[in-house]
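Since the structure comes first, as structure tokens, the remarks are kept for the end.
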Amino acid sequence: SGETWNPFKLQYQLRNVRERLAKALVEKGILTTEKQNFLLFDMTTHPVSNASEKQRLVKKLQESVLERWVKDPQRMERRTLALLGLAHASDVLENVFASLADDRYDLAMNRTKDLLDMDPEVEAAKAKGTEMIWAVLAAFNKS
């Protein structure tokens, strides 16, 4: 029906996407699969098994927002822009910046907030090749 890849219907697809990503990350050895008992039901969880990969991503995000910051998102590396958007949508940005000193934490959060507050439609029209990133960000911001 075409709804599978419609970024504005993303909230309906997140569960399947999350499960497929988790499966791929388990196959690559970054996550593991465990069953946890939550009183009334058992649930499959995917804890991190490769902490060095997690630290590499945290460091990459911190450096991109602090040392290699470009105010213009069109000049930002697409993978970094996507990673920032997904970290925001996953509500883990505070954890990413938690190890920073207070002033650097505030700077990183303010820069990220400024980036994420931009109008996705305007930014998608400006930068060719990032339309899908901005569409996904718009879908996450609506939900």
Side-chain angles (χ1 to χ4, degrees), residues 2-38 41-143:
E3 297 298 319
T4 303
W5 294 106
N6 183 347
F8 298 104
K9 302 287 184 182
L10 197 60
Q11 63 270 20
Y12 302 117
Q13 302 299 325
L14 284 180
R15 183 164 189 235
N16 292 335
V17 170
R18 185 173 45 240
E19 288 176 8
R20 287 176 38 211
L21 284 172
K23 180 182 176 192
L25 290 172
V26 167
E27 290 172 359
K28 291 182 182 204
I30 295 172
L31 300 180
T32 60
T33 302
E34 293 180 359
K35 290 271 190 193
Q36 283 194 340
N37 186 338
F38 291 99
F41 56 91
D42 289 337
M43 184 174 179
T44 303
T45 61
H46 300 283
V48 174
S49 66
N50 188 344
S52 64
E53 188 64 25
K54 178 182 175 183
Q55 280 307 114
R56 187 185 69 77
L57 287 173
V58 167
K59 185 175 173 73
K60 179 177 180 161
L61 279 176
Q62 289 175 350
E63 286 177 355
S64 68
V65 174
L66 295 171
E67 281 82 29
R68 294 183 284 125
W69 177 248
V70 290
K71 193 171 189 170
D72 186 15
Q74 288 84 21
R75 294 184 8 220
M76 186 177 282
E77 182 183 312
R78 281 184 272 175
R79 285 183 174 199
T80 303
L81 180 61
L83 190 57
L84 277 169
L86 291 174
H88 163 69
S90 301
D91 202 25
V92 296
L93 273 177
E94 288 184 10
N95 297 343
V96 168
F97 301 135
S99 64
L100 299 172
D102 288 343
D103 57 333
R104 292 176 58 82
Y105 174 87
D106 291 338
L107 179 64
M109 288 302 285
N110 288 336
R111 285 179 174 174
T112 305
K113 183 183 179 310
D114 291 344
L115 177 73
L116 297 171
D117 285 344
M118 292 180 171
D119 185 357
E121 296 214 13
V122 171
E123 296 305 319
K126 286 183 194 175
K128 297 298 177 203
T130 61
E131 297 94 344
M132 186 56 74
I133 295 171
W134 288 105
V136 169
L137 196 59
F140 279 128
N141 286 341
K142 285 183 181 179
S143 56

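Hydrogens, waters and symmetry mates play no part in the numbers below; they use all other heavy atoms, side chains included.
- Taking the side chain as every heavy atom from C-beta outward, L81 and W134 approach each other to under 4.5 Å.
- Contact of the E123 side chain with the L137 side chain is not registered, since no non-hydrogen atoms from C-beta on lie closer than 4.5 Å.
- The list of salt bridge (Lys or Arg N to Asp or Glu O under 4.0 Å) pairs with a residue in residues 97-118, not counting sequence neighbours, reads E67-R104, K113-D117.
- With contacts defined as side-chain heavy-atom distances shorter than 4.5 Å, the pair N95/V58 does not qualify.
- Closest of all the heavy-atom pairs between A124 and E131 is O-CG, 3.6 Å.
- With a 4.5 Å cut-off on side-chain heavy atoms, V65 and V96 do not count as touching.
- With sequence neighbours excluded, the residues satisfying side-chain hydrogen bond (donor to acceptor under 3.5 Å, both in side chains) with S99 are Q62.
- Checked against side chain to side chain contact (heavy atoms under 4.5 Å, CB included), L25 has the following partners two or more places apart in sequence or in another chain: I30, L31.
- We find the NE2-CG distance between H88 and L86 to be 10.5 Å, quoted to the nearest 0.5 Å.
- Looking at F97 and T112, their side chains come closer than 4.5 Å, going by heavy atoms from C-beta outward.
- Nearest heavy-atom pair, G85 versus L116, reported as atom, atom and distance to 0.1 Å: CA-CD2, 4.4 Å.
- With values rounded to the nearest 0.5 angstrom, L66 atom CG is found 5.5 Å from L107 atom CG.
- Here the side chains of M76 and L115 are in contact, with some heavy-atom distance below 4.5 Å.
- The salt bridge (Lys or Arg N to Asp or Glu O under 4.0 Å) contacts involving residues 41-53 comprise E53-R56, where partners must be two or more places apart or lie in separate chains.
- With sequence neighbours excluded, the residues satisfying side chain to side chain contact (heavy atoms under 4.5 Å, CB included) with A89 are F140.
- Applying the salt bridge (Lys or Arg N to Asp or Glu O under 4.0 Å) test to pairs two or more places apart or on separate chains, those with a residue in residues 73-83 are K60-E77.
- The local environment of CG in D91 is sparse, with at most 12 non-hydrogen atoms from other residues, nucleotides or ligands closer than 6.0 Å.
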